[in-house]
Amino acid sequence: MESYTIGQAARLLGVSVDTARRWADAERFPTHREGTRRMVDGPDLAAFCVEAAQEGTEGEEAAYTSARNAFPGIVTGVKLGTVDAQVEIQAGPHRIVSLLTREAVEELGLEVGARATARVKSTSVFIDRV
């Protein structure tokens, strides 16, 4: 099982390290110590990512970025079929679901709590300005 430092968790959550520490101190997600480092287990972080995304980010200013079509996040769900698979990634406030082959999921070692980046290519792109 993959574990993350508070700094890595903060990046995956799209918040500052101080915010991630405050959330951990408030027991919004469980942590443990590995030496001097405070760690969170992947499945616990994945569950919190889903919960945090559902709560929304009221009162926070939206991030502006020039990054294109790459959504780094954490795997929050894997459903394996006989030939195909469905993988769900929580990338900050974004939930991304991808259908791919079971073989690809197994080769990549995708499981709940693993870090992954969803890369998107589309022939139709819609843009909203907030």
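Everything numeric here is computed off the predicted structure, so don't read it as measured data.
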Novice: Kindly compute the distance separating CZ (Arg28) from CZ (Arg22), expressed to the nearest 0.5 Å.
Specialist: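 It is 11.5 Å, given to the nearest 0.5 Å.
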Novice: Stepwise, does the side-chain contact (heavy atoms from CB on, under 4.5 Å) test hold for Leu45 with Glu2?
Specialist: CA-CA 10 Å; Leu45 184 58; Glu2 195 161 352; over 6 Å; no
Novice: Nearest 0.5 angstrom please: Arg33 CZ to Arg38 CZ, how far?
Specialist: 6.0 Å
Novice: If you measure from the Lys or Arg side-chain nitrogens to the Asp or Glu carboxylate oxygens, is any gap between Arg21 and Asp18 under 4.0 Å?
Specialist: yes
Novice: Test Phe48 against Val40 for side-chain contact (heavy atoms from CB on, under 4.5 Å), laying out the working first.
Specialist: CA-CA 11 Å; Phe48 179 74; Val40 58; over 6 Å; no
Novice: Calculate, to the nearest 0.5 Å, the distance between atoms CZ and OG belonging to Arg119 and Ser98 respectively.
Specialist: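 Nearest 0.5 Å value for the CZ-OG distance: 13.0 Å.
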Novice: For a quick test of reading the model, state the closest non-hydrogen atom pair linking Gly73 to Leu12 and the distance between them.
Specialist: O-CD2, 3.4 Å
Novice: Running the 4.5 Å side-chain criterion over Ile, Leu, Val, Met, Phe, Trp and Tyr, what cluster does Val78 land in, apart from itself?
Specialist: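 Val75, Leu80, Val87, Ile89, Leu100, Val105, Leu108, Leu110, all in the cluster of Val78.
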Novice: So, for Gly42 and Ile74, which heavy atoms are closest and what is the spacing to 0.1 Å?
Specialist: O-CD1, 3.6 Å
Novice: Is the backbone of Thr82 close enough, under 3.5 Å, to the side chain of Arg102 for a donor and an acceptor to pair up by distance?
Specialist: no
Novice: Would you indicate whether Gln86, at its atom CD, is surrounded by more than 12 heavy atoms from other residues, nucleotides or ligands within a distance under 6.0 Å?
Specialist: yes
Novice: I need the minimum non-hydrogen distance between Ala70 and Thr117, along with the two atoms involved.
Specialist: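 In this case the closest contact between Ala70 and Thr117 is CB-CG2, 4.1 Å.
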Novice: For Gln90 and Gly92, indicate whether the former's side chain and the latter's backbone hold a donor-acceptor pair under 3.5 Å.
Specialist: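 A pair under 3.5 Å: yes.
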Novice: State, to 0.1 Å, how close Ser16 and Ala10 come at their nearest heavy-atom pair, and which atoms those are.
Specialist: O-CB, 3.6 Å
Novice: So which atom in Ile6 and which in Ala24 form the shortest heavy-atom distance, rounded to 0.1 Å?
Specialist: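 Distance-wise, the nearest heavy atoms are CD1-CB, 4.2 Å.
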Novice: Could you walk me through whether Glu88 and Ile96 pass side-chain contact (heavy atoms from CB on, under 4.5 Å), step by step?
Specialist: CA-CA 6 Å; Glu88 183 175 320; Ile96 299 161; over 6 Å; no
Novice: List the steps and the verdict of side-chain contact (heavy atoms from CB on, under 4.5 Å) for Tyr4 and Arg115.
Specialist: CA-CA 9 Å; Tyr4 301 92; Arg115 263 185 294 192; 3.4 Å; yes
